[in-house]
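Reading through the structure tokens given below for one structure.
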Amino acid sequence: MSHGGKRPNTGPKKSVSPYGEPTFLVRMPLSTQPKVISFLDEYKKRLSSHSLKPPYPDLIPAGNFLPVLELPLYMGKVSAGRTTGFASPAQDYEQERLDLNKKLVKNPTATYFYYVGKTDDSMIDVGILPGALLIVDRSRNRKNKDKVLIVVDGEVMVKQLHIDANGIELRSRNKAKNYPPIIWDEGMQIEFEGVVLNAVNFL
């Protein structure tokens with residue numbers, strides 16, 4: 001009887017990654033181990049709880065972008081007018097760290113990012129410039145004068161919501177071009193994707 005050859009179902013077992021993607025080994029300083037393990041635990045929890053899926057591919061879920069972005073916070077004074085000389089940058093440098101995720105994202109599992117079109121100037125009077133990155137919260141209850149991300153007859157756009165006794169209007173905010181408002185009626189297909197909490201404009 002032959003004992004040679006490879007037997008089925010033998011050999012090392014392939015482990016299933018808890019992150020839904022391939023992993024790799026890395027060496028790290030012992031002092032960073034608690035932070036890395038804490039981050040990975042939080043990452044797994046948010047991946048498993050992230051059930052809200054946007055219907056439009058242009059919406060980027062915040063729940064998948066979890067690294068803490070900590071930057072040094074400089075507390076110095078900056079002259080915005082006449083030049084009078086600047087103090088040394090080291091003078092007011094603080095050890096405080098700034099986490100932009102905490103500043104911009106309030107509810108990660110319901111938050112999405114959306115890039116404004118590079119020629120879309122309809123909301124420049126409220127600080128939303130062409131090419132801006134919008135932080136959109138889909139769990140926030142919309143109210144009058146909120147800036148909202150909406151889909152009107154299949155077209156994704158950002159407008160300011162106006163609600164009064166006459167009905168609902170979606171208004172642009174560009175006085176120079178004076179775009180007409182979109183007036184909601186029953187024959188129009190409108191889906192509210194969320195409230196715009198912040199806009200990041202790139203220089």
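Along the sequence shown, the residues carry numbers beginning at 1. Note that this is a predicted model, so its numbers are computed, not measured.
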- Item | Trace of the side-chain contact (heavy atoms from CB on, under 4.5 Å) decision for I150 with E191 | CA-CA 6 Å; I150 53 173; E191 300 176 49; over 6 Å; no
Just so I know, are the side chains of [X] and [Y] near enough to count as touching, which here means a heavy-atom distance under 4.5 Å?
X: Q189; Y: V152; answer: no
X: L134; Y: V116; answer: yes
X: V200; Y: I135; answer: yes
X: I124; Y: P130; answer: yes
X: K177; Y: D121; answer: yes
X: F192; Y: L161; answer: yes

Give the minimum heavy-atom separation between [X] and [Y], together with the two atoms involved.
X: E193; Y: V136; result: O-CG1, 4.1 Å
X: I128; Y: A199; result: CG1-CB, 4.0 Å
X: L170; Y: K159; result: CB-CB, 3.9 Å
X: P29; Y: T32; result: O-OG1, 2.8 Å

Just by distance, with hydrogens left out, do [X] and [Y] show a side-chain donor and acceptor under 3.5 Å apart?
X: T111; Y: K106; result: no
X: R173; Y: Q160; result: yes
X: Y115; Y: D120; result: no
X: S172; Y: N174; result: no

- Item | Worked verdict on V195 versus K147 for side-chain contact (heavy atoms from CB on, under 4.5 Å) | CA-CA 6 Å; V195 175; K147 293 177 283 294; over 6 Å; no
I'd like to know if [Y] and [X] are part of one continuous hydrophobic network [Ile/Leu/Val/Met/Phe/Trp/Tyr, side-chain heavy atoms within less than 4.5 Å].
X: I183; Y: M188; answer: no
X: I182; Y: I163; answer: yes
X: L104; Y: F202; answer: yes
X: L197; Y: L149; answer: no
X: Y112; Y: Y114; answer: yes

Please round to the nearest 0.5 Å and tell me the distance separating atom [atom1] of [X] and atom [atom2] of [Y].
X: L133; Y: N198; atom1: CG; atom2: CG; value: 10.0 Å
X: R171; Y: I168; atom1: CZ; atom2: CD1; value: 12.0 Å
X: E169; Y: N144; atom1: CD; atom2: CG; value: 10.5 Å

- Query: Would you say D185's side chain and G187's backbone share a donor-acceptor pair under 3.5 angstrom?
  - Reply: yes
- Query: Has the side chain of N178 got a donor or acceptor atom that lies under 3.5 Å from a matching backbone atom of K175?
  - Reply: no
- Is it the case that more than 12 heavy atoms not belonging to N141 sit under 6.0 Å from its CG atom? no
